[in-house]
Number of protein chains: 2
Amino acid sequence: MATINDVARAAGVSPSTVSYVLSGRRPISAGTRERVQAAIAELGFHPHAGARALASSKTNVLALVVPLRTDVNVPVIMQFATAVVTASRVHNHDVLLLTKDEGTAGLERVAHSTMVDALIVMDVERDDVRLTALRTLKQPSVLIGLPEDPAGIACVDLDFEAAAAEALRHLAWHGHRRVALVGPSPAVYKRGTSYAERFLTGFTIASATLGLETMTHPCEPDREGVRACLADIDAQLPGVTALVVHNEEALRMVLEELQTAGRRVPADISVVAICPRDVALNMPLPLTSVDIPAHDVGGLAVETAMRLLDGRSIELVRLLPPTLVERKSSAPPATAAD
Amino acid sequence: MATINDVARAAGVSPSTVSYVLSGRRPISAGTRERVQAAIAELGFHPHAGARALASSKTNVLALVVPLRTDVNVPVIMQFATAVVTASRVHNHDVLLLTKDEGTAGLERVAHSTMVDALIVMDVERDDVRLTALRTLKQPSVLIGLPEDPAGIACVDLDFEAAAAEALRHLAWHGHRRVALVGPSPAVYKRGTSYAERFLTGFTIASATLGLETMTHPCEPDREGVRACLADIDAQLPGVTALVVHNEEALRMVLEELQTAGRRVPADISVVAICPRDVALNMPLPLTSVDIPAHDVGGLAVETAMRLLDGRSIELVRLLPPTLVERKSSAPPATAAD
DNA sequence: TGGCGCCGTCGAAGCGCTTCGACGATGAGC
DNA sequence: GCTCATCGTCGAAGCGCTTCGACGGCGCCA
């Protein structure tokens with residue numbers, strides 16, 4: 001492997017000049033620059049990442065902490081992850097992949113050993129134990145999610161409260177009065193997963209504001225769980241005319257169960273999903289949905305990390321406004337006249 | 001951040017002694033070792049990864065290249081990825097996440113700049129363009145998959161040919177004579193994706209060996225694709241009594257379509273799936289399946305990388321034998337008497 | 001009791017890069 | 001024509017660690 005010294009020798013300049021050509025931190029004459037670049041190309045020189053990190057205390061690596069539990073929706077996680085990687089590359093950074101199960105120790109390990117410049121943390125819980133650890137690190141961190149007390153840590157996410165409100169507003173506008181929320185699995189709530197709670201809150205508040213009769217119900221994403229959930233909803237909220245489904249894995253089964261029960265969507269019952277765009281589009285019926293813009297959120301997380309790294313100002317909490325797209329699964333409720 | 005010098009001073013020894021305590025490369029007396037360890041703990045010392053990489057030319061980082069296309073099965077990819085990360089941690093390594101779309105350039109970038117010690121590459125194609133690049137790197141690489149000509153590169157995977165044979169053998173043993181393969185989407189074949197082709201090959205060979213009447217059909221994983229696929233199968237292989245499904249995303253829909261058509265599984269038609277265990281178990285009916293042991297394969301990939309790194313011998317191509325587990329979706333075909 | 005080998009430790013070099021201060025050359029200002 | 005910035009480049013220090021050769025002290029054997 002060629003070193004910066006080899007390049008310098010080949011170009012007839014000093015190593016520092018090569019470095020300045022590379023970093024652009026000092027003016028270099030056009031002629032010199034070209035000779036250096038030619039030498040770099042010819043020798044196939046790539047600066048040694050470790051040496052660079054040592055000298056500059058920058059690694060150009062971001063840590064990304066992903067959950068590996070399978071009760072969260074895997075494809076969505078993957079969408080976030082690839083969005084983060086893609087955005088990182090745009091900013092000339094790479095991504096070190098950590099799993100949530102290493103917990104606090106993993107964060108400290110990579111931070112203390114200076115493997116990364118910043119950390120992006122997914123699957124944040126209400127009182128996430130990792131927060132205090134993150135606050136003591138010298139590297140900045142960005143959460144994808146919003147804990148109860150972010151205090152000093154940057155957070156980005158979809159505004160799930162607003163998303164719930166948006167879904168209800170849409171249904172209310174169509175004339176629905178009785179709406180049930182099919183939520184994530186009980187385990188997700190039990191963990192205090194941030195987005196689930198915020199959606200629930202938004203749902204409850206909007207329900208009151210709009211004067212709707214609503215109920216909420218977690219849902220295990222298997223056939224039995226879905227059946228039980230729908231049965232409970234029918235029992236507790238008879239005459240329900242619309243469902244808000246915030247559980248992608250259950251989504252398809254919910255639709256199937258409705259069909260099996262002979263309830264047509266949207267003629268007999270409307271469905272609004274909270275999920276990524278492509279999921280909504282790939283259902284048997286294109287669903288009216290509020291997007292989970294994983295790509296935007298991931299990109300924003302990286303962007304925020306970059307701003308933090310070069311000392312630009314940021315908004316500490318950034319919640320993206322939801323977008324509801326009306327497709328084929330929502331309509332006014334059937335009237336007695338129908 | 002404390003440095004090794006701080007630790008040395010605190011423990012009253014030289015920096016090299018601290019280093020030897022850390023690495024165990026030279027004998028250190030118990031007393032000294034304890035003092036050093038105490039100092040390390042007290043100061044919260046973590047060696048600087050860059051400095052270490054520079055001095056030792058080892059990064060303790062593995063590159064993992066994942067596909068981000070969505071026509072491959074995302075949850076399976078995720079299983080491989082988490083298996084690799086988990087296994088890496090056991091060997092005291094971290095994982096740098098690359099996406100396949102950076103192609104050859106990405107591999108060369110991380111290798112030439114000495115960011116990683118070895119590379120693990122997923123989603124390998126028949127004539128993968130990345131192979132020649134990999135061969136020129138000074139770092140070893142391990143493929144998850146098996147290209148046409150691996151020549152010198154370590155490969156690990158499930159033995160998909162044997163998996164196909166296993167599925168057919170099981171069905172033949174039950175007395176089935178007409179069996180159709182519901183394969184991955186056409187795009188997967190078109191790319192020359194290694195596992196899809198190997199499965200197809202194994203299927204065809206085993207079919208001949210066992211003297212079965214079979215056919216194969218790719219399947220787009222959406223409602224329409226599944227319907228079309230099943231219709232084609234019925235048209236081209238009338239009286240088919242069993243299906244081998246090598247397409248997880250279509251799996252659920254296949255079952256649904258069969259049910260809709262009033263064909264009971266396994267009474268009217270048997271189904272053998274090729275998929276991870278948990279997928280087979282989470283279907284409405286527990287499926288007879290050949291496991292895709294993502295966890296084992298990922299672990300083996302890491303293990304192989306480690307052996308390569310410390311010069312132990314390896315088998316260049318390692319294909320894990322398939323395991324078929326009989327569950328509720330396979331049975332002897334209905335006879336005329338039924 | 002003297003010599004030899006081994007154990008445990010030290011010191012220094014060096015990994016490849018960045019960065020800071022310095023310095024010659026050039027051009028502008030008076 | 002002389003001073004003073006400015007531009008472009010250089011040299012050297014230093015980032016924090018590993019590793020190699022060296023060396024003192026000890027136990028062992030003769």
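Letters go in sequence order (proteins before strands), and every chain restarts at 1. Worth saying up front: this structure is predicted, and the values here are computed from it rather than measured.
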message = Side-chain N or O of A/Ser29 versus OP1/OP2 of D/dT9: is the shortest distance under 4.0 Å?
response = yes
inquiry  = Any side-chain N or O of B/Ser56 below 4.0 angstrom from OP1/OP2 of D/dT18?
reply    = no
query = If you take atom types as modelled and just measure distance, does the side chain of A/Ser16 reach the base of D/dG11 with a donor-acceptor pair under 3.5 Å?
reply = yes
request  = Check every strand shown and say whether A/Thr3 touches a base, only sugar-phosphate, or nothing at a heavy-atom separation below 4.0 Å.
outcome  = sugar-phosphate
task = For A/Val18, answer base if it contacts any base atom (sugar-phosphate contacts may also be present), sugar-phosphate if it contacts only those atoms, and nothing otherwise; contact means non-hydrogen atoms under 4.0 Å.
result = nothing
remark   = B/Ile40 CD1 to D/dC17 C1', in whole Å, measures 13 Å
query = Can you find a side-chain donor-acceptor pair between B/Ser19 and B/Ser16 that sits under 3.5 Å?
reply = no
key: Base C/dC7 to side chain B/Tyr20, donor-acceptor N/O within 3.5 Å cut-off   = no
task = Let me know the distance between CG of B/Asn5 and P of C/dC10, rounded to the nearest Å.
result = 13 Å
inquiry  = Measure CE/A/Met115 against C1'/D/dC17 and give the value in whole Å, please.
reply    = 15 Å
Whole-Å distance separating the NE2 atom of B/His46 from the P atom of D/dC17 = 12 Å
query = What nucleic acid atoms does A/Pro47 come within less than 4.0 Å of, heavy atoms only: base, sugar-phosphate, or nothing?
reply = sugar-phosphate
key: Heavy-atom donor-acceptor pair, B/Arg26 side-chain to D/dT19 base, under 3.5 Å   = no
query = Among the nucleotides D/dC17, C/dT9, D/dT19, which one has an atom lying closest to any side-chain atom of B/Phe45?
reply = D/dC17
task = Identify the heavy atoms of A/Ile144 and A/Ile120 that sit nearest to each other, and give their distance.
result = CD1-CG2, 3.9 Å
request  = Hey, which sits more toward the 5' end of DNA chain C by its nearest nucleotide, B/Arg33 or A/Ala55?
outcome  = B/Arg33
task = State whether B/Arg318 and B/Asp157 are salt-bridged, where the test is any N-O pair (Lys NZ or Arg NE/NH1/NH2 against Asp/Glu carboxylate O) under 4.0 Å.
result = no
query = Rounded to whole angstrom units, what separation is found between the CG atom of A/Leu22 and the C1' atom of C/dC17?
reply = 10 Å
task = Taking atom NE2 of B/His46 as the centre, report whether more than 12 heavy atoms of other residues, nucleotides or ligands fall under 6.0 Å from it.
result = yes
task = Round to a whole Å and report the spacing from CZ of B/Arg25 to P of C/dC7.
result = 18 Å
inquiry  = If you go through the side-chain atoms of A/Arg52, does one of them form a donor-acceptor pair with the base of C/dT18 closer than 3.5 Å?
reply    = no
ask   = Counting only N and O atoms by type, is there a donor-acceptor contact under 3.5 Å from the side chain of B/Asp117 to the main-chain atoms of B/Asn60?
value = yes
request  = Could you check how far CD1 of B/Ile4 sits from P of D/dC15, rounded to whole Å?
outcome  = 14 Å
key: Length of the line joining B/Leu54:CG and D/dG14:P, which is rounded to integer Å   = 17 Å
